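Heads up: the structure comes next, in structure tokens.
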Amino acid sequence: MNKQLKIILAVTAVSAICGLILGAAYNQTREAIAEAERADFLAGLSEVLPPYDNDPDKDAREIKGTTVYEAKIKGKPSGYAAVFSSGKGYGGHIYVLVGMDAEGKVSGVAVLKHKETPGLGDKISGKDFLGVFKGLSEPGLIAVKKDGGIIDQFSGATMSPRAVADAVSRALEFMRDNFISEEKR
Amino acid sequence: MSGLMLLFVGAALVNNVVLSRFLGICPFMGVSKSSETALGMSAAVAFVMMISSVVTWIIEYAVLRPWELGYLQTVVFVLVIAALVQLVEMVMEKTTPELHASLGIFLPLITTNCAILGVALINVQSDYSFIEMIVFSLGTAAGFGLALVLFSGLRERISFSSVPEIFRDAPIAFITAGILALAFMGFSGLVR
Amino acid sequence: MRLSSLTDGIFKNNAIFKQMLGMCPTLAVTTSASNGVAMGLATTAVLMGSNFAVSLFSGFIPKNARIPCYIVIIACFVTVVDLYMNAYFHALHKALGLFIPLIVVNCIVLGRAEAFASRSPVADSVLDGLGTGIGFTIALTALAVCRELVGAGTVFGYAVAPSFYVPVILAVLPPGAFVFLGFMMAFTRFMSSKIKGGGH
Amino acid sequence: MLAPVIVMLSVGFAAGVCLAAASRFFNVERDWRLDAIASCLSGANCGACGYPGCASFAAAVVKGEVPVNACPGANAAAVEKMAAVMGTEAPAPAEKRAVVLCGGGRKASDRYEYRGPKDCAAMSALMGGVKNCSFGCVGGGSCALVCPTGAINMSESGLPDISAELCIGCGLCVSECPRCLITLKGADERVSVLCSSRDKGPETRKYCSSGCIGCGICVKVCPEGAIAVDDFLASIDSSLCTSCGKCVEKCPVSAISFLKIR
């Protein structure tokens with residue numbers, strides 16, 4: 001009998017100890033991780049949004065299920081940003097942070113999370129690719145050349161840039177509809 | 001229904017767990033010397049993969065998500081898989097001793113078989129429903145079995161051909177696997 | 001405390017070329033040299049830690065329950081490393097994030113734990129972990145450099161190949177991984193047979 | 001803080017219970033003698049005992065189907081240990097070692113320059129064989145390839161060098177050699193004629209410097225009369241031979257020599 005008991009005891013004890021260690025480690029690192037991720041996100045925001053003097057992630061608003069971060073200068077809204085994702089990526093979902101200035105033009109794009117093939121699709125997080133989106137104001141035009149847009153895809157990897165373009169155009173369209181009043185559009 | 005079929009074909013052929021996701025290569029290379037062990041191994045892997053996917057899916061949605069213990073995911077999944085493999089090893093030792101002997105070291109290695117943990121994690125991370133999870137695991141197990149049996153057939157043929165000294169056994173096996181992977185790449189684009 | 005447990009892991013008993021373990025990350029990760037190095041170092045850290053923990057507890061764990069216990073210890077160790085790295089070395093974690101869960105299912109770690117650590121003293125186990133880790137890193141980086149050079153014309157991200165060279169994308173894709181590893185294994189076997197004085 | 005510990009505890013406990021239950025129901029009662037016997041065997045699964053592997057040979061021994069010394073690879077110590085496990089007294093070990101009956105190799109001249117797969121069957125079939133001597137070893141190394149314990153490796157002299165320690169007498173090389181040059185010799189046979197050429201003396205002399213020319217000096221000099229020459233080839237009767245070594249000294253071409261003992 002004691003052979004079986006020893007097995008139960010051993011597995012349970014080891015698991016419990018590991019649970020304890022993990023719980024402690026998680027608690028100890030929880031704030032630090034949240035802090036680091038927030039800093040990361042803020043860095044992404046500042047890169048994407050035009051200059052601002054408020055805390056965009058605090059002035060966030062929920063519109064139709066999407067959180068939109070608002071950038072302000074002395075109280076006057078100077079830009080908006082939102083996270084959009086596209087499932088059309090080669091490796092799966094691609095999460096993109098898109099920034100728009102007060103006139104409804106793209107002020108910056110950053111790729112937050114993607115699982116594209118390293119060395120191939122992951123060029124989408126490169127500065128030169130994302131720079132292409134800056135200044136565009138027509139959501140319809142934002143697509144890869146193959147699909148009639150103006151964004152040029154990389155050789156050997158069309159799915160990743162197409163997914164990013166799709167996410168950016170949807171984000172721009174969403175923000176323009178909600179924030180840019182009729183006459184400026 | 002067609003969505004599920006696409007999911008199955010996608011898991012089995014398009015992103016085959018071994019040839020394009022690179023999961024489960026160690027047993028794939030180790031056991032594919034003869035096709036009976038290959039069949040035995042893919043049956044064992046399929047069995048463990050199915051049960052572990054179901055159990056891990058239930059644990060994820062019943063325990064880990066409500067109590068937001070996301071960080072425990074890897075440890076709990078691995079524990080479940082390891083216990084299952086140990087179970088399969090004992091059952092096999094009792095019921096089919098010769099197959100157990102021929103699988104040898106590779107039976108415990110199923111535990112670290114990246115394919116099984118990989119499938120469990122993918123099921124959870126891509127938020128598959130219960131049915132989708134079952135179909136995905138079945139597809140992946142079928143893909144693993146297909147690749148393994150095909151490859152063991154190839155390797156049996158290779159052992160008869162005269163291979164230069166330095167390429168014998170492992171290197172030529174990898175190069176053949178590369179060509180097989182190339183063939184499987186033909187499936188990409190079949191499912192989008 | 002035999003030094004051989006360190007040097008074994010690097011040449012004589014190299015994880016990838018001789019033991020043929022840890023193939024999954026080897027093929028998946030070596031698309032760029034920096035990934036290769038990062039994965040190698042992360043695996044070395046985990047290998048040393050888990051060998052240490054396994055050889056410490058191996059006395060209490062009965063034979064039938066050895067695999068679940070060892071793999072839980074390894075997974076726990078990997079998750080702790082992941083958490084702390086995410087908290088305090090966030091930039092490094094963003095680069096490595098994808099690879100750390102891969103280490104749990106890396107056959108080398110459990111392979112060494114079960115084959116070596118559970119049967120030898122703590123000091124030897126840690127040394128073996130270090131040796132195997134270094135051997136793994138060297139092999140991984142070598143493979144990664146070759147694949148990146150052919151596949152993207154760059155090494156560690158710096159463009160090296162002459163301008164007219166058109167990178168062969170296949171080297172970075174799955175089939176290329178298998179083929180490159182096959183040739184590399186043949187090459188190391190060729191070298192070791194040369195060093196051993198050209199056996200028959 | 002408690003949540004993770006509770007979760008891990010319960011999952012661990014559940015896994016432990018399943019494992020414990022499984023280890024009880026699926027418990028395979030293994031006869032302790034099986035492992036004890038298997039540990040004395042070389043584990044090379046060579047099949048010389050007629051069983052598909054050491055595990056099934058051990059099972060046969062435990063069932064008493066086969067005597068303890070039926071494994072040619074088991075040396076005296078191993079046979080004694082197995083006898084102790086089985087409770088029978090230890091019979092004489094049937095320890096056998098492979099020996100190559102040819103002393104030529106590089107010393108024998110080549111008929112032509114051979115370029116092709118390194119395989120004895122091919123090398124000895126092509127136009128009467130690579131060597132001018134149509135009886136001797138062609139040095140293809142097929143015996144080395146087939147040896148389960150790696151006891152044979154081709155030496156510089158062009159002949160297979162069989163290490164007495166590693167050789168377990170499984171006989172796989174005997175059946176592999178196309179010219180049947182390898183035989184299994186017991187521990188008691190200490191001296192042997194390392195040549196198989198049945199050509200006339202001057203013939204043999206022409207193509208091999210250490211081939212037996214059938215001169216018969218060894219027959220005259222052997223005190224026990226254990227040596228006889230037929231078809232110009234000397235052969236030693238091991239039952240009469242006391243391994244005094246006189247023939248080894250007197251042989252003009254040193255074709256007779258002592259065998260390496262364990």
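None of the values given here were measured: they were computed from a predicted structure. Numbered from 1 within each chain, the chains take letters A, B, ... in sequence-line order.
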| In terms of heavy-atom contacts, does OH of Tyr84(C) have more than 12 from other residues, nucleotides or ligands at under 6.0 Å? | yes

| remark: Between Tyr71(B) and Thr79(C) the two heavy atoms that sit nearest each other are O-CG2, 3.5 Å

| How long is the span from the CG atom in Leu19(B) to the CZ atom in Phe178(C), to the nearest 0.5 Å? | 5.5 Å

| Euclidean distance, Cys69(C) SG relative to Leu79(B) CG, rounded to 0.5 Å | 8.5 Å

| request: Measure distances from Ile74(C) to the heavy atoms of chain B and classify the residue's part below 4.5 Å as side chain, backbone, both or neither. | output: neither

| task | Over all heavy atoms of both residues, which pair between Ala82(B) and Pro68(C) is shortest? Give the atoms and the distance, please. | result | CB-CA, 3.5 Å

| Candidates Ile81(B), Val75(B), Val78(B) - the one meeting side-chain contact (heavy atoms from CB on, under 4.5 Å) with Ile71(C) | Val78(B)

| request: For residues Ala186(C) and Pro171(B), report the shortest heavy-atom separation together with the two atoms involved. | output: N-CG, 3.8 Å

| said: With rounding to the nearest 0.5 angstrom, report the CZ to CZ distance, Phe187(C) to Phe167(B). | reply: 11.0 Å

| Does some side-chain heavy atom of Phe183(C) sit less than 4.5 Å from a side-chain heavy atom of Ile175(B)? | yes

| query | Quick one: are Arg189(C) and Arg168(B) in side-chain contact, heavy atoms under 4.5 Å? | reply | yes

| Between atom CG of Asp82(C) and atom OG1 of Thr74(B), what is the distance when rounded to the nearest 0.5 Å? | 7.5 Å

| message | Ignoring hydrogens, what is the shortest heavy-atom contact between Leu181(C) and Phe174(B)? Give both atom names and the distance. | response | CD2-CE2, 3.4 Å

| request: Might you confirm whether atom CZ of Phe47(B) has over 12 heavy atoms from other residues, nucleotides or ligands at distances under 6.0 Å? | output: no

